[in-house]
> 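The structure follows.
Counting convention: from 1, in listed order, for ligands and their atoms alike. Note that the numbering runs from 1 along the sequence shown for the chain.
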Amino acid sequence: MSMVTEQFLRRAARIPHHGLGLSVDVYQPDLFDLAGELDRHGLAYGYLEIFKAVPAALESVRRRLANTLLSYHAEGLWVTQPNPERLSPFHAELDETAEQLKILGSHWLNHECAAKQMAGYAFGTYLPALFTAASAEVTAENIAKAQQRLDQGFAVRDRRAGLDDDGIAPLFLLETPPLTYVGFGDLNMAEFFRLVTDLTPCGVVLDIGHLWTVYRYTGEWRRRPLTAFLAEFLDAFPLERVVEIHMAGLAPHPSVPSHTQAADELPLWPPFWIDAHGAPIPDVLSDMLAQVLEHKGLTNLKGVALEVDTKPIPIIVEEFSRARERFGIQCSRFEVRSLKGEIQRRTSNVELRTSEMPRTPNLELAGQYNRYAQIVTGRAATGLPVLGQDASALPLYSEHYLPHEILEWGSAVREMFPETCRDLDRAGIALEGFVRFWFREPRDTDQAYDFFLLKIARFVEFIREVLPDSLVTAEQAAQALREGYQAACEQVGREPLTVKRGRNVSCESRITDNE
Ligand SMILES: [Fe+2]
């Protein structure tokens, strides 16, 4: 057994069985309302996984749900990127993560194998890692650094508290990311995760809906049935590292015109669904989960969570009730399996390919991420291998999803800057130019990622360039937005409903300016 495997098993053995639970946001829907409704329906849950929030909010959750096992969904750690400390204050983010883990008493933190910033470009939602060997090496190295930093933070705490504990922090779990219409690299997701886990003792979160998007957007659906794809995927994937499973909804994105479907080869199936936590869980995902849970390789699974942030409470109650009926027994079986000590490393019967992309130093990988950003923003056509050689849905991202992200998502620019936008209309300047401006060139930043604040700053820069006469108006509006946002964020521990929070934005605000 390799040292990496041993280290993983040592850490995994400390994690208790979590069972069937829910991955939630503190505010959307209101967590205490949700917990109350689940109690009212007699629906016991094994744990709640809480998305990153302000410490006061997490403390209130810890206090009010004193007997509930809580785990932590992290955000803002760009471990897939070369030199993540050049994209955001990586170490400060990790120290903040350690504090949040301590508040909740979580046994793990999970983070998407994806980033919202790459090569100096900022996006509103996650873009998956480049699936190459060099990228896997960088990702593994960054996770190792992150785990080390967290361990140091916990060791200091344990020493201060006079605890005998050995200062081992919660385990870093890397989550399989969704494809939003396309992915890049010359390895498939299973091969990529196998490489990462061979190099570092992290755990893994297997997200069932994300896996469906891989089947959909790598063209696998044209080649074989979903069950055959899934069976082969599970044989190649490092299943023995899977500590948690997620399942959420899928839905078409509102920015994508519905007639697009008719242009596809098989007009009615499969749909152009993407990951959507607020949408109902389609039956196809429950069937996939059933197939996954049957697999013997799943030897270290600790929890299965329905991801339900942004979903209406009555639907959550109904779906969780159904999940308990269908998967409750299987979820208790994996506890027995790990108690029996079936934790040996499973030997895969699938021969792994190696990446043909050159094993590059960080610098070259940074160049590839630069190309990645150019392709998805429509400024370059080629230059990277495409997963499954299928880029047929890429225009849905660059022509619909991305402009929506910049102009509408989080907060609509027209609502944030109504008077300035009216000035633009009067001057005959299309707001769509803001999207091109945003991605025109890479920019360095040492700021923690915050899409809302970034939107404000970039829009003022845009106005300075295209309509300087309206700069004062835009700056005044920007100042009001920042102040309102700051106040709302400070208030949030006491009055959570004043600010909407979501998985994809750090503090989405309903504040609009008073131009
Ligand atoms: Fe997930």
Side-chain angles (χ1 to χ4, degrees), residues 18 20-26 28 45-53 70-80 97 106-116 124-129 139 143 170-180 183 189-190 192-193 196 202-217 230 233 237-239 241-251 253 273-282 284-286 288-289 292-293 298 301-311 316 319-320 323 327 331 501-506:
H18 281 50
L20 184 61
L22 294 154
S23 182
V24 298
D25 183 79
V26 178
Q28 283 191 304
Y45 43 90
Y47 71 110
L48 296 174
E49 180 170 81
I50 315 286
F51 193 75
K52 182 177 179 180
L70 302 176
S71 68
Y72 182 63
H73 195 309
E75 153 89 348
L77 305 173
W78 311 140
V79 291
T80 58
T97 301
S106 174
H107 291 273
W108 67 66
L109 67 147
N110 77 318
H111 198 287
E112 301 280 347
C113 183
K116 296 179 183 176
T125 52
Y126 280 111
L127 286 161
T139 304
I143 292 173
L171 180 62
F172 196 111
L173 309 184
L174 185 68
E175 178 166 347
T176 54
L179 298 190
T180 306
M189 193 187 280
F192 179 86
F193 270 75
V196 173
C202 68
V204 169
V205 178
L206 178 61
D207 188 302
I208 303 295
H210 296 181
L211 196 50
W212 184 91
T213 66
V214 172
Y215 178 68
R216 174 65 181 86
Y217 296 113
L230 184 54
F233 175 87
F237 193 76
L239 271 194
R241 290 292 186 91
V242 173
V243 172
E244 190 188 26
I245 290 175
H246 276 177
M247 183 164 71
L250 293 169
H253 193 261
W273 285 341
I274 58 171
D275 188 37
H277 293 185
I281 300 169
V284 64
L285 293 195
S286 298
M288 286 175 76
L289 176 60
V292 171
L293 288 175
L298 216 49
L301 183 62
K302 305 290 183 179
V304 175
L306 305 190
E307 281 186 288
V308 298
D309 52 293
T310 71
K311 190 171 274 188
I316 300 175
E319 288 185 339
F320 189 64
F327 301 112
C331 286
R501 280 184 165 253
R503 305 244 145 181
N504 292 316
V505 67
S506 61

> side-chain contact (heavy atoms from CB on, under 4.5 Å) with P170: which residues, sequence neighbours excluded?
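Testing P170 for side-chain contact (heavy atoms from CB on, under 4.5 Å), a comparison that skips the adjacent residues, returns L101, F154.
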
> Is there side-chain contact between I281 and K311, with heavy atoms separated by less than 4.5 Å?
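Yes, their side chains come closer than 4.5 Å.
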
> Measure from the Fe ion (ligand 1) to every N/O/S atom of D207 and report the name of the nearest one.
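D207's closest N, O or S atom to the Fe ion (ligand 1) is named OD2.
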
> Is F193 close to R241 at the side-chain level, that is, under 4.5 Å between some pair of heavy atoms?
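Not in contact.
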
> Could you pull out the atom name of the N/O/S atom in E175 that is nearest the Fe ion (ligand 1)?
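Restricting E175 to its N, O and S atoms, the minimum distance to the Fe ion (ligand 1) goes to OE2.
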
> Under the rule for salt bridge (charged side-chain N to carboxylate O under 4.0 Å, His left out), what residues qualify as partners of E175, not counting sequence neighbours?
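Testing E175 for salt bridge (charged side-chain N to carboxylate O under 4.0 Å, His left out), a comparison that skips the adjacent residues, returns none.
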
> Provide the atom name of the closest N, O or S atom of E307 relative to the Fe ion (ligand 1).
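The E307 atom nearest to the Fe ion (ligand 1), restricting to N, O or S, is OE1.
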
> Of all N/O/S atoms in H246, which lies nearest to the Fe ion (ligand 1)?
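Nearest to the Fe ion (ligand 1) within H246's N, O and S set: ND1.
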
